[in-house]
Amino acid sequence: MFQTKSTDGSRSILWIPVIFVSASCVLYALSVNFPESSSTKSTLSFPSSLEDLNALASRLKEYKVNYFEYVCLLFCCAYVYKQTFAVPGSVFLNLLAGALFGTLHGFPLVCLLSACGATLCFLLSHNFGKGILIHYFPDKVKFFQDKVRENSDGLFFYLLFLRLFPMSPNWFMNMVAPVIGVPIHLFFLSVFVGLMPYNFICVRTGVMLSELRSINDVFSWYTMLELAGLALVALIPGLIIKRLQRRRQEDRVKVQ
């Protein structure tokens, strides 16, 4: 049977849809109550294609001229919403950040928002979803738990590797991190730093959004290999720390 309360004492998962609906209502209210502009007033929605994205970017650029603060507020809320509830399509908002704010301002903004949103997802899982993850994904939870235990001496660098590696399931790592005992400060920093290359590529491409022909053009094979290379480099400090720890333990054994 579907359990509404986890066995580890976390709160009822029924709070998750309550929080989701509440956040959705707030975001909807922001989108429909946009200040008047020269365009016909209508509801703004998340883009699901490049055409939608270009149309949304054009409208928001027009709004931004007179309502810059409101556009910033709406963008930040939408971005954090997507990250918090693991809604697919963050690449569209990263591209939109480049189109609206440019690389100089858009890049640090999405780095901060992605880390904040992922941390809220972390907290949701910690408070309401731990039992469900353990019940429905026991193998995946155990896999990540074993990896975290193996890399406990250089945990930050291992988390960095996971974020830098282009094929990592970021949405699942956000939810499983509190279950396997990842400290929230290391989690936040690993997301903030680890997603920088990905965010930079998207935001930089978004600056030239009108020239983009396909979302697939954002990440070429060469770019994916670059990200994979950065991920491997991030593992090196952790491996060095692990080796030093092992040598210290061996030296202690010899002394005894």
Side-chain angles (χ1 to χ4, degrees), residues 3-24 26-27 75-91 93-94 97 108-199 202 231 234 238:
Q3 297 178 344
T4 59
K5 190 170 185 179
S6 66
T7 56
D8 61 2
S10 60
R11 298 174 182 84
S12 170
I13 63 164
L14 293 179
W15 278 106
I16 295 179
V18 172
I19 295 171
F20 176 76
V21 170
S22 300
S24 300
V26 171
L27 191 58
F75 178 84
C76 291
C77 290
Y79 200 106
V80 171
Y81 175 91
K82 265 187 173 287
Q83 292 291 317
T84 301
F85 300 107
V87 179
S90 62
V91 63
L93 291 189
N94 283 351
L109 179 63
V110 298
C111 288
L112 179 61
L113 293 176
S114 59
C116 291
T119 303
L120 288 175
C121 184
F122 176 105
L123 292 173
L124 273 180
S125 177
H126 175 71
N127 287 289
F128 307 110
K130 293 173 70 174
I132 296 300
L133 286 172
I134 293 171
H135 181 75
Y136 288 100
F137 304 99
D139 295 336
K140 289 185 177 181
V141 170
K142 187 178 185 306
F143 172 80
F144 280 107
Q145 198 165 37
D146 291 342
K147 289 298 181 181
V148 166
R149 190 178 296 112
E150 290 173 11
N151 296 275
S152 58
D153 294 328
L155 182 56
F156 173 74
F157 298 103
Y158 178 68
L159 295 174
L160 206 57
F161 160 77
L162 291 176
R163 295 296 175 176
L164 286 167
F165 192 70
M167 303 306 292
S168 294
N170 283 297
W171 64 273
F172 186 76
M173 289 190 295
N174 294 344
M175 292 188 288
V176 80
V179 180
I180 59 180
V182 175
I184 192 169
H185 66 284
L186 289 184
F187 176 84
F188 180 91
L189 286 174
S190 67
V191 176
F192 183 83
V193 177
L195 290 183
M196 278 185 172
Y198 168 82
N199 289 335
C202 293

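Atom CG of Leu164 sits about 13.5 Å away from atom OH of Tyr198, to the nearest 0.5 Å. Separation of atoms CG (Asn199) and OG (Ser90) is listed at 8.0 Å; rounding is to 0.5 Å. Atoms CG and CG, from Leu160 and Leu155 in turn, are 11.0 Å apart once rounded to the nearest 0.5 Å. Note that NZ of Lys147 and CZ of Phe161 are 9.0 Å apart. Values are rounded to the nearest 0.5 Å. Atom CZ of Phe187 sits about 5.5 Å away from atom OG1 of Thr119, to the nearest 0.5 Å. We find the NZ-CG distance between Lys82 and Asn94 to be 10.5 Å, quoted to the nearest 0.5 Å.
Ring-plane geometry between Phe20 and Phe85 is classed as perpendicular, the angle between the planes exceeding 60 degrees on a 0 to 90 degree scale with a lower cut at 30. Using cut-offs of 30° and 60° for the angle between ring planes, the Phe172 and Phe144 rings count as tilted.
Using a cutoff of 4.0 Å between basic side-chain nitrogens and carboxylate oxygens, Asp139 and Lys142 are not scored as salt-bridged.
With contacts defined as side-chain heavy-atom distances shorter than 4.5 Å, the pair Arg163/Val191 qualifies. Here the side chains of Leu124 and Trp15 are not in contact, with every heavy-atom distance at 4.5 Å or above. At a threshold of 4.5 Å between non-hydrogen side-chain atoms, the residues Phe128 and Ile19 count as touching. Residues Phe192 and Cys116 are not in side-chain contact: their nearest non-hydrogen atoms beyond the backbone lie 4.5 Å or more apart. The closest side-chain heavy-atom distance from Tyr81 to Val26 is not below 4.5 Å. Side-chain contact between Val110 and Phe75 is present, with at least one heavy-atom pair separated by less than 4.5 Å. Residues Leu195 and Asn170 have side chains in contact (heavy-atom distance under 4.5 Å, counting atoms from C-beta outward). Tyr79 is not listed as a side-chain neighbour of Leu109, based on a closest heavy-atom distance of 4.5 Å or more.
The heavy-atom pair separating Gln83 from Leu113 by the smallest distance is CG-O, 4.4 Å. Contact record, Leu159 with Val182: CD1-CG1, 3.6 Å, taken as the closest heavy-atom pair.
The side-chain contact (heavy atoms from CB on, under 4.5 Å) test with Met173 is passed by exactly one of Ser190, Cys121, Ser168: Ser168.
With Ser125 contributing its side chain and Phe122 its backbone, the two residues share no donor-acceptor pair below 3.5 Å.
Defined by atom type and a distance below 3.5 Å, a donor-acceptor pair is missing between the side-chain atoms of Ser152 and Tyr158.
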